[in-house]
Amino acid sequence: MQNRFERCLIEQCAPTLAGIKPGSLFNYTAEIGEDIHELILGWNKTLEVKGLSVCLIKERSCGGLVYVYRSAMLSKLMSNKDVGCFLGNRRFPCGDAEVCVEELRRRFRDEDGFPHEIGIFLGYPLQDVRGFIENKGDNFSLCGMWKVYDDKTLAEKLFAQYKKCKNIYTAMYENGRDIVKLAVSA
């Protein structure tokens with residue numbers, strides 16, 4: 001059963017495991033007899049030595065949305081004046097990445113819809129997150145891992161980098177490399 005969760009970690013979170021992206025998100029459906037809370041707790045404990053956190057950001061009846069992130073990278077990102085101002089204007093507590101993650105979890109739990117600020121937590125460029133919110137998901141210039149509103153060249157480079165990372169990590173995992181060994185230390 002754990003292999004399914006591991007596969008999701010590799011396929012959806014490789015750039016975060018590699019330390020080139022602050023966070024990744026994936027939907028996980030638990031199988032009968034599988035406890036999502038135990039999986040999250042176990043993987044969080046296992047990966048914390050590498051500077052990674054694993055949390056259930058939105059619980060569903062048979063699983064939920066799993067967020068894997070690097071707190072240090074998020075803190076650095078949120079210390080950027082423009083990012084901090086954007087999040088502050090969207091009523092996120094400024095300064096502490098962990099407090100911001102808790103606020104994001106609260107919004108997933110308590111509010112209808114999808115908090116689009118999550119793009120910041122996933123490392124999407126600020127202008128693309130703003131563009132998505134302002135345009136309600138329309139009028140983008142490129143669609144890949146996210147909808148691009150600003151720098152298409154940068155986005156294409158990031159898409160290629162993340163895809164290459166996923167392919168390398170998937171191949172290494174399939175050849176028997178342990179996820180903990182694949183995860184880069186903070």
Side-chain angles (χ1 to χ4, degrees), residues 8-28 50-55 57-58 64-170 182-184 186:
C8 286
L9 282 172
I10 290 296
E11 291 178 356
Q12 303 300 321
C13 306
T16 301
L17 295 171
I20 59 175
K21 190 172 182 280
S24 298
L25 184 72
F26 65 91
N27 189 44
Y28 188 75
K50 299 290 189 152
L52 288 151
S53 297
V54 182
C55 73
I57 203 148
K58 171 73 174 176
L65 285 174
V66 178
Y67 179 50
V68 179
Y69 65 99
R70 292 183 171 273
S71 190
M73 284 183 79
L74 270 182
S75 292
K76 183 176 179 185
L77 180 63
M78 291 175 180
S79 71
N80 174 286
K81 183 181 140 217
D82 293 334
V83 171
C85 185
F86 170 78
L87 289 174
N89 288 339
R90 310 273 312 164
R91 298 182 322 277
F92 272 84
C94 295
D96 187 320
E98 295 299 326
V99 174
C100 283
V101 170
E102 282 307 311
E103 173 62 15
L104 186 64
R105 290 178 76 196
R106 186 201 64 75
R107 289 180 188 207
F108 267 104
R109 182 185 67 240
D110 297 345
E111 297 177 7
D112 290 333
F114 196 89
H116 298 299
E117 299 87 358
I118 191 148
I120 297 296
F121 294 77
L122 300 173
Y124 301 170
L126 175 59
Q127 289 307 107
D128 292 336
V129 176
R130 274 193 182 129
F132 184 88
I133 292 168
E134 291 167 3
N135 290 280
K136 297 179 177 25
D138 294 329
N139 305 317
F140 52 90
S141 59
L142 177 67
C143 186
M145 293 176 182
W146 62 85
K147 291 183 177 178
V148 178
Y149 293 86
D150 188 43
D151 189 338
K152 283 175 45 175
T153 304
L154 171 65
E156 287 170 336
K157 286 179 184 175
L158 289 172
F159 294 164
Q161 181 184 29
Y162 296 162
K163 183 179 180 182
K164 181 178 180 180
C165 180
K166 174 188 168 185
N167 291 341
I168 290 169
Y169 268 54
T170 299
L182 287 171
V184 172

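We're numbering straight along the sequence, starting at 1. Everything numeric here is computed off the predicted structure, so don't read it as measured data.
Residues Leu154 and Pro125 approach most closely at CD2-CG, 4.5 Å, considering heavy atoms. In terms of heavy-atom proximity, Arg70 sits nearest to Lys50 at NH1-O, 3.1 Å. Shown here for Leu74 and Ile120, the closest heavy-atom pair between the two residues is CD2-O, 4.5 Å. Closest of all the heavy-atom pairs between Cys8 and Tyr28 is SG-CD1, 3.9 Å. In terms of heavy atoms, Lys166 sits closest to Ala14 at CA-CB, 3.7 Å. Thr16 and Gly23 make their closest contact through OG1-C, 3.2 Å (heavy atoms, listed as atom of the first residue, atom of the second, distance).
Asp82 CG to Leu87 CG: the interatomic distance, rounded to the nearest 0.5 Å, is 11.0 Å. Annotation: the span from Arg90 atom CZ to Glu103 atom CD amounts to 12.0 Å, rounded to 0.5 Å. Interatomic distance, CD of Gln127 versus CZ of Arg130, reported as 5.0 Å (0.5 Å rounding). From Cys13, atom SG reaches atom CG of Leu25 across 8.5 Å, with rounding to the nearest 0.5 Å.
Inter-residue side-chain proximity for Glu98 and Ser71 is flagged as met; some heavy-atom pair is nearer than 4.5 Å. Contact of the Tyr69 side chain with the Ser53 side chain is registered, since non-hydrogen atoms from C-beta on lie closer than 4.5 Å. Side-chain contact between Val68 and Phe26 is present, with heavy atoms from C-beta onward closer than 4.5 Å. Proximity of Asp151 to Asp128: side-chain heavy atoms (C-beta onward) are nowhere separated by under 4.5 Å. Considering only heavy atoms from C-beta on, Cys165 comes within 4.5 Å of Ile20 through its side chain. Contact check for Phe121 versus Ile57: no side-chain heavy atoms found under the 4.5 Å cut-off.
With sequence neighbours excluded, no residue forms a ring pair (Phe, Tyr, Trp, His ring centres under 6.0 Å) with Phe86. Contacts of Phe132 classified as ring pair (Phe, Tyr, Trp, His ring centres under 6.0 Å), with partners at least two apart in sequence or in another chain: His116. Remark: Phe140 pairs with no residue by the ring pair (Phe, Tyr, Trp, His ring centres under 6.0 Å) rule, at least two apart or across chains. Among residues two or more places apart in sequence or in another chain, the side-chain hydrogen bond (donor to acceptor under 3.5 Å, both in side chains) test is passed with Gln12 by none. Scanning for ring pair (Phe, Tyr, Trp, His ring centres under 6.0 Å) contacts around Tyr169 gives an empty result, with sequence neighbours left out. Here Asn139 pairs with Asn135 under the side chain to side chain contact (heavy atoms under 4.5 Å, CB included) rule; sequence neighbours left out.
Distance alone, capped at 3.5 Å, places no donor-acceptor pair between the Lys58 side chain and the Leu65 backbone. The main-chain N or O of Leu122 is found under 3.5 Å from a side-chain atom of Lys21 such that the two form a donor-acceptor pair. A donor-acceptor contact shorter than 3.5 Å links the side chain of Tyr149 to the backbone of Asp138.
Residues Phe114 and Phe108 place their aromatic rings such that the two centres sit under 6.0 Å apart.
Cation-pi geometry between Arg107 and Phe92 is met: the NZ or CZ atom falls under 6.0 Å from the ring centre, inside 45° of the normal.
No salt bridge links Lys152 with Glu156; every basic N to acidic carboxylate O contact stays at or beyond 4.0 Å.
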